[in-house]
Amino acid sequence: MSLMNLNEMKLYENFLKKELVSVACIVDEEGYYPESIMRGLGELGAFQVSGLSEQDALSKRLELIELSAKYCVSTSFLIWCHTTAISFVLNSNNEYLKKKLLPLLEDGQVLAGTGLSNPMKYYAGMEPIRLKAKRVDKGYKISGVTPYVSNVGPGHWFGIIAQVNEKQRIFTMVDCDSLGLSMTEHKDFSGLNGTRSFTCRFNDVFIPNEFIISDSADQFIPMIRSSFVLTQVGMGLGLVQASVDTMLKAMNKQNGTNRYMDICPSQILDQVTALQQKAYLLSGSSKDEDFISAVQIRLQTAELALKATETAVLYQGAAGYFRKSDCMRRLREALFIAVVTPAIKHLKRLLHERNSVLS
Ligand SMILES: Cc1cc2nc3c(=O)[nH]c(=O)nc-3n(C[C@H](O)[C@H](O)[C@H](O)COP(=O)(O)OP(=O)(O)OC[C@H]3O[C@@H](n4cnc5c(N)ncnc54)[C@H](O)[C@@H]3O)c2cc1C
């Protein structure tokens, strides 16, 4: 199924397994940011997509996110943030960013995130755009607050959308070291505390023209929103497979009592395999007309992740109820997949509105 070169995939999987198994718990709970793992992936070429076809680049991204989620969804999410930021630059016509920033992002020297939750909700008719932009000489000045942006900090970059007026919104990359940008880290989430997630306050932050991805975010969004949603599916696919492994290991406990449970590992495995096939098939042709299919797969995977992680706890019993157990961490990870934008409620709204248009 994988379009990624098998040797290349094995290299990343070995690296991720070796690095993540021992740190997943402290990343999730204690806020340890797996920066060296992100940089190590960059050095191995895991973020390198320039020169690949659009389809191969998307499959590579999806697969990397899936592989890492088997061991640690926080890191998988950081990979999603970083590779999504890369997709912003790649899809733009900005030669300056392609020359100066893209190579550093691809080899992991510079790490980046995406502050698009609010704009994604804006485009779904859920809330107004929170960041405002004012045209000034040689660029824009941005003001406002975006409450959660992950994989950021000193030396990092991230993508945002800001509103100039009713008719115009701009899409730009932001350097975290910009003057007027203040950032406060969240360390009190119930999980994923090592994702370097910050509230970002913009106070007249100057953005030079060279950093602009598009003067029309409305036109740019259709170029990236399908892959934005589809690649998130990787987090759920990896997480569900890890939960199935836990269920299988607990199968023979107490004289095979888990055999009497309503949900068995093979049922979950069949469902995750079907979703995996659909996701990789779609990654081969991800265009904006595939957006609704990506939304459907994203929703089904988020729901399956909730079911699989809960069932894994039931299979394991008290051992899975310890706060630091893998099972409990995975339950928190599944809840994150369910609430991160586009959250389950957001996905359901998109599907409902699409169905109303068609009926
Ligand atoms: C661990 C973690 C990491 C995340 N990482 C990212 C990320 O990298 N990028 C990203 O874009 N989002 C990120 N989010 C946000 C996430 O995607 C959701 O948007 C968020 O959980 C809120 O969703 P909600 O629909 O429940 O909105 P609610 O929490 O109900 O909030 C409603 C809306 O109010 C607005 N709002 C809330 N507080 C403020 C405030 N202080 N100032 C201005 N507006 C405000 C926001 O626009 C928000 O969407 C992260 C969330 C978590 C828990």
Side-chain angles (χ1 to χ4, degrees), residues 24 27-34 38 65 69 72-88 111-132 142-153 156-163 169 171-174 176 181-203 205 213 217 221 224-225 228-229 231-232 235-236 239 295 298-299 302 305 329-350:
V27 171
D28 183 66
E29 275 203 46
E30 293 170 29
Y32 170 72
Y33 175 54
M38 292 295 289
I65 293 165
C72 172
V73 166
S74 297
T75 306
S76 174
F77 179 59
L78 291 170
I79 295 171
W80 176 83
C81 294
H82 186 67
T83 55
T84 300
I86 289 176
S87 81
F88 300 159
L111 298 172
T114 143
L116 288 205
S117 279
N118 162 248
M120 286 296 176
K121 290 179 216 170
Y122 165 77
Y123 286 111
M126 292 164 65
E127 56 186 50
I129 291 275
R130 307 276 175 195
L131 296 177
K132 305 293 174 215
I142 312 279
S143 291
V145 180
T146 183
Y148 312 96
V149 187
S150 306
N151 203 32
V152 289
H156 291 47
W157 287 65
F158 62 105
I160 56 152
I161 290 177
Q163 179 149 309
R169 283 150 287 280
F171 195 133
T172 183
M173 292 303 288
V174 178
C176 290
L181 177 61
S182 58
M183 301 174 65
T184 320
E185 189 168 5
H186 294 278
K187 284 281 191 187
D188 53 355
F189 290 125
S190 64
L192 281 101
N193 284 299
T195 50
R196 278 272 190 93
S197 302
F198 287 79
T199 293
C200 302
R201 291 187 173 78
F202 290 74
N203 186 7
V205 174
I213 292 283
I221 275 287
I224 52 110
R225 67 176 183 164
F228 183 100
V229 171
T231 45
Q232 287 183 341
M235 293 192 282
L239 180 60
V295 165
R298 166 78 174 84
L299 174 62
R329 188 192 75 243
R330 292 197 190 111
L331 202 52
R332 294 191 293 270
E333 292 175 339
L335 282 166
F336 169 73
I337 293 172
V339 301
V340 73
T341 299
I344 282 185
K345 58 187 174 184
H346 181 162
L347 296 162
K348 282 186 182 276
R349 179 184 174 127
L350 290 170

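For the single chain, residues carry numbers from 1 onward in sequence order. All heavy atoms count here, side chains included; hydrogens, waters and symmetry mates do not. Every number for a ligand or one of its atoms is a count from 1 in the order of the listing.
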- Query: Of all the non-hydrogen atoms in the protein, which one sits nearest to atom 47 (O) of ligand 1, and at what distance?
  - Reply: E127 OE2, 2.6 Å
- What protein heavy atom is closest to atom 21 (O) of ligand 1, reported as residue, atom name and distance in Å? V339 O, 3.9 Å
- Item | Within the 6.0 Å centroid threshold, strictly below: W157 and F88 | no
- Message: Please determine whether any non-hydrogen atom of A343 lies less than 4.0 Å from an atom of ligand 1.
- Response: no
- Taking the side chain from S76 and the backbone from C72, do they hold a donor-acceptor pair closer than 3.5 Å? no
- Task: Would you check if there is a donor-acceptor pair between the side chains of Y122 and R169 at a distance under 3.5 Å?
- Result: yes
- Identify the closest protein heavy atom to atom 4 (C) of ligand 1: which residue and atom is it, and at what distance? S150 OG, 3.4 Å
- Query: Any N/O of S197 closer than 3.5 Å to an N/O of ligand 1?
  - Reply: no
- So, D28 side chain and G191 main chain: donor-acceptor pair closer than 3.5 Å or not? no
- Query: At under 4.0 Å between heavy atoms, which part of F189 makes contact with ligand 1: side chain, backbone, both or neither?
  - Reply: side chain
- Message: When you measure from the heavy atoms of K345 to every atom of ligand 1, does any distance fall below 4.0 Å?
- Response: yes
- Query: Which is it for Y33 and N151 under the side-chain hydrogen bond (donor to acceptor under 3.5 Å, both in side chains) test, yes or no, and what are the steps along the way?
  - Reply: CA-CA 9 Å; Y33 175 54; N151 203 32; 2.6 Å; yes
- Task: Check the pair N193, E30 against side-chain hydrogen bond (donor to acceptor under 3.5 Å, both in side chains), reporting the backbone distance first and the verdict last.
- Result: CA-CA 7 Å; N193 284 299; E30 293 170 29; over 6 Å; no
- Could you check atom 24 (P) of ligand 1 against the protein and tell me its nearest heavy-atom contact, residue, atom and distance included? K121 NZ, 3.6 Å
- Query: Does the ring centre of H186 sit less than 6.0 Å away from the ring centre of Y148?
  - Reply: yes
- Distance from atom 12 (N) of ligand 1 to nearest protein heavy atom, with residue and atom: S117 OG, 2.7 Å
- Query: Counting each atom of ligand 1 from 1 as listed, which ones have a heavy atom of V340 under 4.0 Å away?
  - Reply: 17 (O)
- What residue and atom, counting heavy atoms only, is the protein's closest point to atom 37 (C) of ligand 1, and at what distance? P147 CG, 4.0 Å
- If you measure from each heavy atom of F77 to ligand 1, is any distance below 4.0 Å? yes
- Message: Only heavy atoms of L116, strictly under 4.0 Å: list the atoms of ligand 1 that pass.
- Response: 11 (O)
- Query: Under the 4.0 Å line, does any protein heavy atom show up next to atom 30 (O) of ligand 1?
  - Reply: no
- Task: For residues P342 and Q232, determine if any side-chain heavy atom of one lies less than 4.5 Å from a side-chain heavy atom of the other.
- Result: yes
- Task: Under 4.0 Å, heavy atoms only, figure out whether ligand 1 is touched by the backbone of T114, its side chain, both or neither.
- Result: backbone
- Message: With respect to T341, determine whether any N or O atom, backbone or side chain, lies less than 3.5 Å from an N or O atom of ligand 1.
- Response: yes
- Hey, is G113 one of the residues with a heavy atom under 4.0 angstrom from ligand 1? no
